Amino acid sequence: MSPTCVNEGGPASLIQLDSTPSLEEEIPLSANALRALTRWRARHGEIFTAVDPIGSFYRIRLTALEANGGRAIAFERLPVPSESRARIEIYQALPEKERFELILQKLTELGVMRIVPFISRRSTTLEERDAVQKKSHRWPEVILRAARQCRRAMLPELFPVMDWDSASYLASSADLRLMLLEKEATWTLKEALSGEHPARSALLVGPEGGFHSSEVEDARNMGFLPVSLGPRILRTETAAIAASAILQYAVGDLG
Ligand code: SAH
């Protein structure tokens, strides 16, 4: 069975309008939009980013929200799409406690579409894993807050913590497959991205102890290119955030 996302993120969280709205006019919301709004835990009076059928993005204010219907006013048309056309997925070896929350928040801001935590062969100790499990109920909330704050139109998908085999397998269907490796990488991330226009990019980020050599070998066999972020050894959360920014700059909408 393939794992499913735990936070109701992804395309179903996109708030779609049935027609192009006139600004400052109240419009009814479709059943589809209402379903998406439940994923955002929306309440009456709150403001969200929605998309119309031709792909223009709007800021909308909810003027009515009931079980059987809702209404909203679009008050601003956004000059550029809120969601990146580049689908960036980060597969992150679980760091200790709060550091993963920082990663969730920052990757959401940077427009990452999917975040998959995994246990690497060199991941944290059992105690640390326990601490992570106790806090994992907070993760969807961290993403939700960040997505609202930075005005995203879609919630990134958060997957449950996986083992290395499941995570690398899930990532291996991406068009561009990269593994952040602080040593032995022949290419830098910059070099690997030159001339690439991938629809879907997957990036593997290792634990504090670095990837295990067997993981590096597995990844190479699955077509992942090991890439370096330059001469300094970054903490895993810095590596994830910096690499997401570089990816979004090179193939997406940051810059
Ligand atoms: N234990 C290693 C460092 C691991 S850093 C050592 O001390 O040698 C944690 C993770 O961040 C790594 O597994 C890698 O995925 C990523 N990372 C950190 N710095 C990097 C760099 N300069 N280039 C590529 N990846 C890096």
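Everything numeric here is computed off the predicted structure, so don't read it as measured data. Order of appearance sets the numbers: ligands from 1, and atoms from 1 within every ligand.
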Requested in this report: Could you list which atoms of ligand 1 come closer than 4.0 Å to a heavy atom of Ile233?
Outcome: 3 (C), 19 (N)

Query raised in the report: So, are Arg122 and Glu215 salt-bridged, with charged N and O less than 4.0 Å apart?
Result: no

Query raised in the report: Is there side-chain contact between Ser82 and Arg151, with at least one heavy-atom pair below 4.5 Å?
Result: no

Query raised in the report: Would you say His44's side chain and Thr63's backbone share a donor-acceptor pair under 3.5 angstrom?
Result: yes

Query raised in the report: So between Leu181, Thr188, Leu203, Leu189, whose heavy atom ends up nearest atom 24 (C) of ligand 1?
Result: Leu181

Query - Leu180, any N or O under 3.5 Å of ligand 1 N or O - result: yes

Query raised in the report: Thinking salt bridges, do Arg138 and Glu141 make one under a 4.0 Å N-O criterion?
Result: no

Query - Closest protein heavy atom to atom 9 (C) of ligand 1, given as residue, atom name and distance to 0.1 Å - result: Pro207 O, 3.1 Å

Report summary line: re atom 2 (C) of ligand 1, the protein heavy-atom contact at minimum distance is Glu182 OE2, 3.4 Å

Report task. Give me the one residue out of Thr238, Leu104, Thr236 that meets side-chain contact (heavy atoms from CB on, under 4.5 Å) with Arg99. Result -> Thr236

Report task. Would you please determine whether Lys183 falls within less than 4.0 Å of ligand 1 on a heavy-atom basis? Result -> yes

Report task. List every atom of ligand 1 that sits less than 4.0 Å from any heavy atom of Ser228, numbering the atoms from 1 in the order shown and giving each element. Result -> 23 (N), 24 (C)

Report task. State, with a plain yes or no, whether a side-chain heavy atom of Glu24 is found less than 4.5 Å away from one of Ile73. Result -> yes

Query raised in the report: Side-chain contact, heavy-atom cut-off 4.5 Å: Met222 with Met179?
Result: no

Query - Close-contact set for ligand 1 against Ala239 heavy atoms, below 4.0 Å - result: 11 (O), 16 (C), 17 (N), 18 (C)

Query raised in the report: So, Glu83 side chain and Ala153 main chain: donor-acceptor pair closer than 3.5 Å or not?
Result: yes

Query raised in the report: For ligand 1, which atoms have a heavy atom of Gly209 less than 4.0 angstrom away?
Result: 1 (N)

Requested in this report: Using a strict 4.0 Å cut-off to heavy atoms of Val227, name the atoms of ligand 1 that fall inside it.
Outcome: 24 (C)

Query raised in the report: Do Glu98 and Leu102 come close enough that some side-chain heavy atom pair is under 4.5 Å?
Result: no

Query - N/O separation below 3.5 Å, Leu234 to ligand 1 - result: yes

Report task. Answer yes or no: is there a side-chain heavy-atom contact under 4.5 Å between Pro156 and Val112? Result -> no

Report summary line: The closest protein heavy-atom partner of atom 23 (N) of ligand 1 is Leu229 N, 2.8 Å

Query raised in the report: Counting from 1, what ligand 1 atoms have a heavy atom of Gly206 closer than 4.0 Å?
Result: 9 (C), 10 (C), 13 (O), 15 (O)

Report task. Flag Gly230 as yes when one of its N or O atoms lies below 3.5 Å from any N or O atom of ligand 1, and as no otherwise. Result -> yes

Query raised in the report: Against heavy atoms of Gly210, which atoms of ligand 1 measure under 4.0 Å?
Result: 1 (N), 4 (C), 13 (O)

Query raised in the report: Considering only heavy atoms from C-beta outward, does the side chain of Tyr58 approach that of Asp52 to under 4.5 Å?
Result: yes

Query raised in the report: For Arg232 and ligand 1, does the shortest N/O to N/O distance drop below 3.5 Å?
Result: yes

Requested in this report: Tell me which protein heavy atom sits closest to atom 1 (N) of ligand 1, plus the residue, atom name and distance to 0.1 Å.
Outcome: Glu208 O, 2.8 Å

